[in-house]
There are 2 protein chains.
Amino acid sequence: MKEEKSEIVITSLDDIARELGLSKSTVSRALSGKGRIGAQTKARVRQYVKKAEYKPNLIARSLAQSKTYNLGVVLPADSDLAEKPFFQVFLLGVCEAASANDYDVVVTVVVEKDISALKNLVRNKKVDGIILTRLLVHDYAAAYLKRSGIPFLVVGSSSDESLVQVDTDHESACENLTSLLLSMGNRRMAVVIGSDEHAVNISRYRGYAKVMENRPEGICREIVFQNVGSKTAIDKSVEGIMKEGADCILCGDDIICSQVLSKLNAMNIRIPEDIRVASFYDSAHLKYNNPPITALEIDVKELGVIAGQSLIDKISGKPFTRRTILNYQIALKKSTQ
Amino acid sequence: MKEEKSEIVITSLDDIARELGLSKSTVSRALSGKGRIGAQTKARVRQYVKKAEYKPNLIARSLAQSKTYNLGVVLPADSDLAEKPFFQVFLLGVCEAASANDYDVVVTVVVEKDISALKNLVRNKKVDGIILTRLLVHDYAAAYLKRSGIPFLVVGSSSDESLVQVDTDHESACENLTSLLLSMGNRRMAVVIGSDEHAVNISRYRGYAKVMENRPEGICREIVFQNVGSKTAIDKSVEGIMKEGADCILCGDDIICSQVLSKLNAMNIRIPEDIRVASFYDSAHLKYNNPPITALEIDVKELGVIAGQSLIDKISGKPFTRRTILNYQIALKKSTQ
DNA sequence: AATTGTAAGCGCTTACAATT
DNA sequence: AATTGTAAGCGCTTACAATT
């Protein structure tokens, strides 16, 4: 008898309803928990569903509810970002949050100003909300999403109050690291930082500048290098910095830092004896460097989890935080001793 | 008049049909190109759709066709992999191929042997096919997907003929690099390689072993380190290698290599004067290292594109290649001169 | 024979009606 | 009043029928 029953493949609410002598809607209510439903029936349906290993068709549910239960994550494919593990680790965090809420994660790519893939994702209604993993100063993607009306969230800080934001407070983190290094005896603090089209680089520089402005000598333009992209540009800035006799180099991120280290190494300059080095962003390579590099540490995966959860809260109409700021740590290592 | 027309928001085939005095099915055929349809009507519908900026509801299409137009990509979240940009760059490649075929990409995460998220993705029918981005020697995910019957593809090499595979020929690549380094005068070639639960590490070691076995001295067990995971284990292996007087170290991948470099640096051992170093996998950090490191180069993004396209071909019943082997390059750098 | 329309179906949700 | 059922709807596709 059992064998006979298990021969019937249960693929829809209709099947269950027929087997249990109920109507489709009752079964639906028993499973969703929405609407009035008798406790007994509910238990009976749920038990049956479990035994029959029935899995509801989420596509059908999507169509009926106009919800996809998908989160969109936008990854930048600019060549200089491709190697940064930030996005990958962040993505794992989002997946974790999504998974815990029965959502899935759809990724899409924007290259520089080409947001056509993102547009398709939104217009085709493939996702219920979007996470932008980086924010440009003039961000096309954010502007488009605002117009579109879809719930979205940016990783990054912006003065635009209408944006839901999740970020570390880069500015104050960099401010703290900079003044800490000053208090440790460094005087001429150089900085090498990436494109100021990226909001994060602006914040980081601002943190540095805030401290230096209040120093008697002020900001020394000769040892400040912004908009540094290529390896060549970094090499040049390091040469300039050494010529100017700086005693500490602050690097905008891990990639810049490892290139700065490479150049210093090639110039036979010792760390920390000849110059101190610190980075505004950490990575495994800086940890394993010899000497290990002082850096700001962020729990990127946690950032992803929080971003995912916040977006889901926003989508489901729960109260959500308009601006979530994550903690950071200053990891003092041998490179600044 | 135009204003009046544009007030009507076109959201479904029904709307278009009404506006054009046609039936829903005719409109559907005009847009899909399937079934018999008059050339005039086809043009008329398409023109209207363009003007009205109509976007079909893909969820509805999914339900009707039992197709999602989604590709699933499985990312491993094992802690030692989180920092590897391989997966990120590969993912960008898959997105590119997907995008070109009007597919989207859903990512999911497996942690060690926990494939529950993958199971949900498959059971909930959220994707039409799956890409496994790494292959274990005993791969739970691959075994499950085989049972489930969903089209899937693995990045990696396996003797299992039933698996659709995309990979570099790691074995012959490592074989070539090893014999090249021998021909350059190195005699005692050490190797440091990761967990042999990963198929790729087995292949790489096999390439190395194939060459060394044919040497008069054979494989020297004292300078072969497999299953090396932690930084501590790597440090120990480097110490052992130096004690045994090896003249060249082959690293299983970029992460291992940068940790080996860190240790060598700490021991004040010069490259290439005191020892040569090469890696079986490349990354930006090895390029920027001083000296730059000889390594095998793979076009990972291209690998992603090919994997994505192959899977789509398989899904759509087109002929697909059961095993695609990508090219590699040996980048000779100063570290082995 | 070529083109278009009718109607059922994909598997859910949900307002409303009907039953106890 | 509490529970369950009826029927319409979400927006497509597609077999088959009907029209020219």
Side-chain angles (χ1 to χ4, degrees), chain A residues 8-46 48-49 52-70 102 104 122-128 316-317, chain B residues 8-46 48-49 52-70 102 104 123-128 316:
Chain A
I8 304 161
V9 187
I10 301 297
T11 52
S12 70
L13 291 187
D14 263 328
D15 294 338
I16 302 170
R18 197 183 330 105
E19 291 298 311
L20 258 41
L22 290 167
S23 82
K24 206 165 55 165
S25 60
T26 307
V27 176
S28 173
R29 276 187 297 254
L31 293 178
S32 69
K34 288 181 200 163
R36 303 201 143 288
I37 179 82
Q40 271 197 357
T41 332
K42 188 167 167 179
R44 192 163 145 250
V45 171
R46 294 203 168 182
Y48 180 84
V49 156
E53 290 187 331
Y54 160 79
K55 286 277 160 183
N57 182 318
L58 299 188
I59 301 281
R61 186 180 61 171
S62 286
L63 184 59
Q65 295 186 325
S66 303
K67 273 199 71 175
T68 64
Y69 293 93
N70 282 153
D102 290 320
D104 283 295
V122 174
R123 284 196 289 225
N124 288 334
K125 304 207 176 80
K126 280 253 188 170
V127 295
D128 297 335
S316 23
Chain B
I8 305 162
V9 186
I10 300 297
T11 53
S12 70
L13 291 187
D14 263 327
D15 295 339
I16 302 171
R18 197 183 330 106
E19 291 298 311
L20 258 41
L22 289 168
S23 82
K24 207 164 55 163
S25 60
T26 306
V27 176
S28 173
R29 277 187 296 255
L31 293 178
S32 70
K34 288 179 198 164
R36 302 202 144 289
I37 180 83
Q40 270 197 358
T41 330
K42 188 167 167 179
R44 191 162 145 251
V45 171
R46 295 202 166 182
Y48 181 84
V49 156
E53 289 187 333
Y54 160 79
K55 286 275 161 186
N57 182 320
L58 300 187
I59 302 280
R61 187 180 60 170
S62 286
L63 184 59
Q65 295 187 325
S66 304
K67 273 199 71 174
T68 64
Y69 293 92
N70 282 153
D102 290 320
D104 283 295
R123 284 196 291 226
N124 288 334
K125 306 207 176 79
K126 280 251 187 169
V127 296
D128 298 336
S316 24

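Quick caveat: nothing in here was measured; it's all calculated off a predicted structure. Labels below follow one simple rule: chain letters A, B, ... track the order of the sequence lines, proteins then strands, and each chain is numbered from 1.
Residues B:D15 and B:Y54 are not in side-chain contact: their nearest non-hydrogen atoms beyond the backbone lie 4.5 Å or more apart. A 4.5 Å side-chain heavy-atom check between A:E19 and A:I16 finds every atom pair outside the cut-off.
Within the nucleic acid shown, A:L22 comes within 4.0 Å of sugar-phosphate atoms alone, with no base atom in reach, counting heavy atoms only. Within the nucleic acid shown, A:S66 has no heavy atom closer than 4.0 Å to any nucleic acid atom. A:R36 comes within contact range of at least one nucleobase, with a heavy-atom separation under 4.0 Å. Using a 4.0 Å heavy-atom distance criterion, B:T11 is classed as a sugar-phosphate-only contact.
Under 4.0 angstrom from either OP1 or OP2 of D:dC12 there lies at least one side-chain N or O belonging to B:Y54. For A:S12 and C:dG11, the shortest distance from a side-chain N or O to OP1 or OP2 is not below 4.0 Å.
Scanning atom types as modelled, no donor and acceptor separated by under 3.5 angstrom connect the side chain of A:S32 and the base of C:dT13. The base of C:dT3 has none of its N or O atoms less than 3.5 Å from a complementary donor or acceptor on the side chain of B:T41.
Across the protein-nucleic acid pair, B:L13 atom CG and C:dG9 atom P stand 20 Å apart, rounded to whole Å. One atom, CG of A:D14, and another, P of D:dG5, lie 13 Å apart when rounded to the nearest Å. Following rounding to the nearest Å, A:L31 (CG) and D:dT4 (P) show an atom-to-atom distance of 13 Å. Atom CD in B:Q65 sits roughly 17 Å away from atom P in D:dG11 (whole-Å rounding). Between the P atom of C:dG11 and the NZ atom of B:K125 lies a distance of 8 Å, rounded to the nearest Å. Atom NZ of B:K55 is separated from atom C1' of D:dC12 by 16 Å (rounded to the nearest Å). In this structure, the NZ atom of B:K67 is 24 Å from the P atom of C:dG9, given to the nearest Å. The distance between atom CG of A:N57 and atom C1' of C:dG9, rounded to the nearest whole Å, is 13 Å.
In this structure, of C:dC12, C:dT13, C:dT4, it is C:dT13 that holds the atom nearest to the side chain of A:S28. You'll find that the side chain of B:K34 is closest to D:dT14, out of D:dC12, D:dT14, C:dG11. In this structure, of D:dT13, C:dT13, D:dG5, it is D:dT13 that holds the atom nearest to the side chain of B:K24. Checked against D:dA15, D:dA2, D:dG5, the side chain of A:T26 finds its nearest nucleotide in D:dG5. Side-chain proximity of B:L63 to C:dT13, D:dT13, C:dC10: nearest is C:dC10.
In this structure, B:A17 and B:K24 approach most closely via the heavy-atom pair CB-N, 3.7 Å.
Summarising the local packing, NZ of B:K126 is surrounded by more than 12 heavy atoms from other residues, nucleotides or ligands at distances under 6.0 Å.
In this structure, D:dT20 and C:dA1 make a Watson-Crick or G-U wobble pair, each of the two defining distances being under 3.5 angstrom. The partner of C:dA7 is D:dT14, by the rule that a Watson-Crick or G-U pair needs both atom distances under 3.5 Å.
A side-chain donor-acceptor contact under 3.5 Å links B:S32 to the backbone of B:S28.
When the nearest nucleotides of DNA chain C are assigned to A:A64 and B:R29 by heavy-atom distance, the more 5′-ward of the two goes with B:R29.
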Original post:
So B:N124 and A:K55, side chain to side chain contact (heavy atoms under 4.5 Å, CB included) or not? Walk me through it.
Top reply: CA-CA 7 Å; B:N124 288 334; A:K55 286 277 160 183; 3.8 Å; yes
